[in-house]
Protein chains: 2
Amino acid sequence: MTERPYHHGHLRDALLAEAERTLREQGAEQLSLRDLARQAGVSHAAPRRHFADRQALLDALAGAGFARLADEVAAAVTAAGPDFRARLRATGVAYVRFATTDPALMELMFAAKIAGGDEELAAGAGRLFITVGELISEGQRTGQLPAGDPERLRLLFMATARGIAGIVTPGQPGAGQADGLIDDVVALFTAGGR
Amino acid sequence: MTERPYHHGHLRDALLAEAERTLREQGAEQLSLRDLARQAGVSHAAPRRHFADRQALLDALAGAGFARLADEVAAAVTAAGPDFRARLRATGVAYVRFATTDPALMELMFAAKIAGGDEELAAGAGRLFITVGELISEGQRTGQLPAGDPERLRLLFMATARGIAGIVTPGQPGAGQADGLIDDVVALFTAGGR
DNA sequence: ACCTGAACACCGTTCAAGT
DNA sequence: ACCTGAACACCGTTCAAGT
């Protein structure tokens, strides 16, 4: 290996990748800019060029998290096939799986100040909203979800899925039952249709 | 006013009260043991006698929060009168009101490691579980909620209410619609009954 | 344009000592 | 039993200076 060059080259990405790992393994509390800098082999002041402050790094993580969850939901919906209830269930299960794998990131995302904050964060959250929103509209179009304001129904479904995903954190009573609760939610939502 | 005595007398309570206020006004991030000690007029090491570390203080806050939410839910259910749907709605609205008044505390409570952690925390959470659990059982007894495992239905309702309460934080899209979403939840849950 | 090094004002936690 | 004061090992943030 050669000497580390003065310019890191991928510092922003390196910091984000390491931060994501620390967040997953240790939680948000343990996330320190100085520590990330140390692990990237740069001075403690270097991250400042890429993140205005600690909150900016957290917002970037949340934004990337939303984008990833949107992708995973979209993939799960596609993989679930044409049956609407299966597609709705797949969405909920994708939430739960995400929260299981990355509880601290999930918390960060849904506690983040989305409106009027970081641009990347709003964009990531927007992608998730649109992805879920399309599915909700599909259900209403085919009569498998109750009629009414689609935005409101989307909001209700996302809040519910997030609430269920919230119980998978270790130390929460009822973790492990989350997938079953998603089944119940799908039954409740689709029972009101047609 | 006399000289401050060497022994504070109510230090634990004073720290908790001040911490609750700071949590409400500034969020959990801003909560510092040294700052609380300063505001109580004691040395920075004094809180150690009452809270083993910062996390212990946060757990105590979460425990008290759960106890208070349980009280507020119980009061709201009573005030709602005999109609079951009104009682269920009152429970959800109490969640939303609590989250509106104290978003940071709500987050702290539901992110807290309930099992195997602080005793007071588990006790407070337990009170809320029991309070909501009794209402759910009532609804099943009177046929206004779907039959099935009451623990599971309680878990589902609490997760849903928590998810909806989670959107009232400023910066979340859809805050302000929370009470309406509670109405929708009540309709969904009770539609499955009898 | 990107990074360093020193400096400032904080933290949480520990522990011998005081009342 | 409860609190103090000094000490230790950290933070985030700022800024002149270096490459």
Side-chain angles (χ1 to χ4, degrees), chain A residues 1-23 25-62 104 108 111-113 117-118 120-121, chain B residues 1-23 25-62 104 108 111-113 117-118 120-121:
Chain A
M1 289 296 164
T2 65
E3 282 284 298
R4 179 172 53 79
Y6 187 85
H7 287 78
H8 183 283
H10 311 280
L11 184 54
R12 201 190 127 97
D13 291 344
L15 291 171
L16 278 176
E18 190 56 44
E20 213 175 307
R21 200 167 71 94
T22 305
L23 184 62
E25 293 172 1
Q26 322 245 54
E29 310 267 274
Q30 297 301 318
L31 210 60
S32 132
L33 286 176
R34 287 181 105 109
D35 200 41
L36 292 173
R38 227 172 279 132
Q39 289 181 259
V42 295
S43 86
H44 65 263
R48 192 76 210 299
R49 287 287 133 187
H50 301 98
F51 302 101
D53 54 23
R54 202 184 104 105
Q55 190 56 53
L57 173 76
L58 295 179
D59 283 349
L61 285 172
L108 204 64
K113 212 188 137 211
D118 188 81
E120 197 183 343
L121 172 58
Chain B
M1 288 298 164
T2 65
E3 282 284 300
R4 180 172 53 79
Y6 187 85
H7 287 78
H8 183 282
H10 311 281
L11 185 53
R12 200 190 128 96
D13 290 345
L15 291 170
L16 279 176
E18 191 55 44
E20 212 175 307
R21 199 167 72 94
T22 304
L23 183 63
E25 293 172 3
Q26 322 246 54
E29 310 267 274
Q30 297 302 316
L31 211 58
S32 132
L33 285 178
R34 287 181 104 109
D35 200 40
L36 292 173
R38 230 172 276 131
Q39 290 181 259
V42 295
S43 86
H44 65 263
R48 193 74 210 300
R49 286 287 133 186
H50 301 97
F51 302 102
D53 54 22
R54 202 184 105 105
Q55 190 57 52
L57 173 74
L58 295 179
D59 284 349
L61 285 172
L108 203 64
K113 213 188 138 211
D118 188 82
E120 197 183 340
L121 172 58

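Convention: sequence-line order gives letters A, B, ...; per-chain numbering from 1.
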TODO: Give none if C/dC15 has no partner; otherwise give the nucleotide forming a Watson-Crick or G-U wobble pair with it, both distances under 3.5 Å.
DONE: D/dG5
Task: For D/dC10, the Watson-Crick or wobble counterpart (both distances under 3.5 Å) - done: none
Given 3.5 Å as the limit, does a donor-acceptor pair link the side chain of [X] with the main chain of [Y], or not?
X       : Y       : result
A/Arg48 : A/Ala52 : yes
B/Arg38 : B/Leu33 : no
B/His7  : B/Gly9  : no

Open item on the list: Over all strands shown, is A/Arg38 touching base, sugar-phosphate only, or nothing at heavy-atom distances under 4.0 angstrom?
Closed with: sugar-phosphate
- [ ] Would you indicate what A/Arg54 reaches in the nucleic acid, counting non-hydrogen atoms under 4.0 angstrom: base, sugar-phosphate, or nothing?
- [x] sugar-phosphate
Separation of atom [atom1] in [X] from atom [atom2] in [N], rounded to whole Å:
X       : N      : atom1 : atom2 : result
B/Gln30 : D/dG12 : CD    : P     : 13 Å
B/Leu57 : C/dC11 : CG    : P     : 14 Å
B/Glu29 : D/dC11 : CD    : C1'   : 13 Å
B/His44 : D/dG5  : NE2   : C1'   : 7 Å
A/Leu33 : C/dC3  : CG    : P     : 14 Å
B/Leu15 : D/dC2  : CG    : C1'   : 13 Å
A/Phe51 : D/dG12 : CZ    : P     : 13 Å
A/Gln26 : D/dC11 : CD    : P     : 12 Å

Check the phosphate of [N] against [X], side-chain N and O only, distance under 4.0 Å to OP1 or OP2. Yes or no?
X       : N      : answer
B/Arg49 : C/dT13 : no
B/Ser32 : C/dC11 : yes
A/His50 : C/dC3  : yes
B/Arg48 : C/dT14 : yes

Quick check: do [X] and [Y] have side-chain heavy atoms less than 4.5 Å from each other?
X       : Y        : answer
B/Phe51 : B/Leu58  : no
B/Asp59 : B/Leu108 : no
A/Glu20 : A/Glu25  : no

Task: Closest to side chain of A/Ala46, choosing from C/dC15, D/dC3, C/dC3 - done: C/dC3
TODO: When you get a sec, tell me which of C/dC3, D/dG5, D/dT13 is the closest nucleotide to the side chain of A/His8?
DONE: C/dC3
Open item on the list: Let's test your reading of the model: under 3.5 Å, does the base of D/dT13 pair with the side chain of A/Arg34 as donor and acceptor?
Closed with: yes
- [ ] Name the residue closer to the 5' end of DNA chain C, choosing between B/Asp35 and B/His7 according to the nucleotide with the nearest heavy atom.
- [x] B/Asp35
Task: Which residue lies more 5' along DNA chain D, comparing A/Gln55 with B/Leu11 via nearest heavy atoms - done: B/Leu11
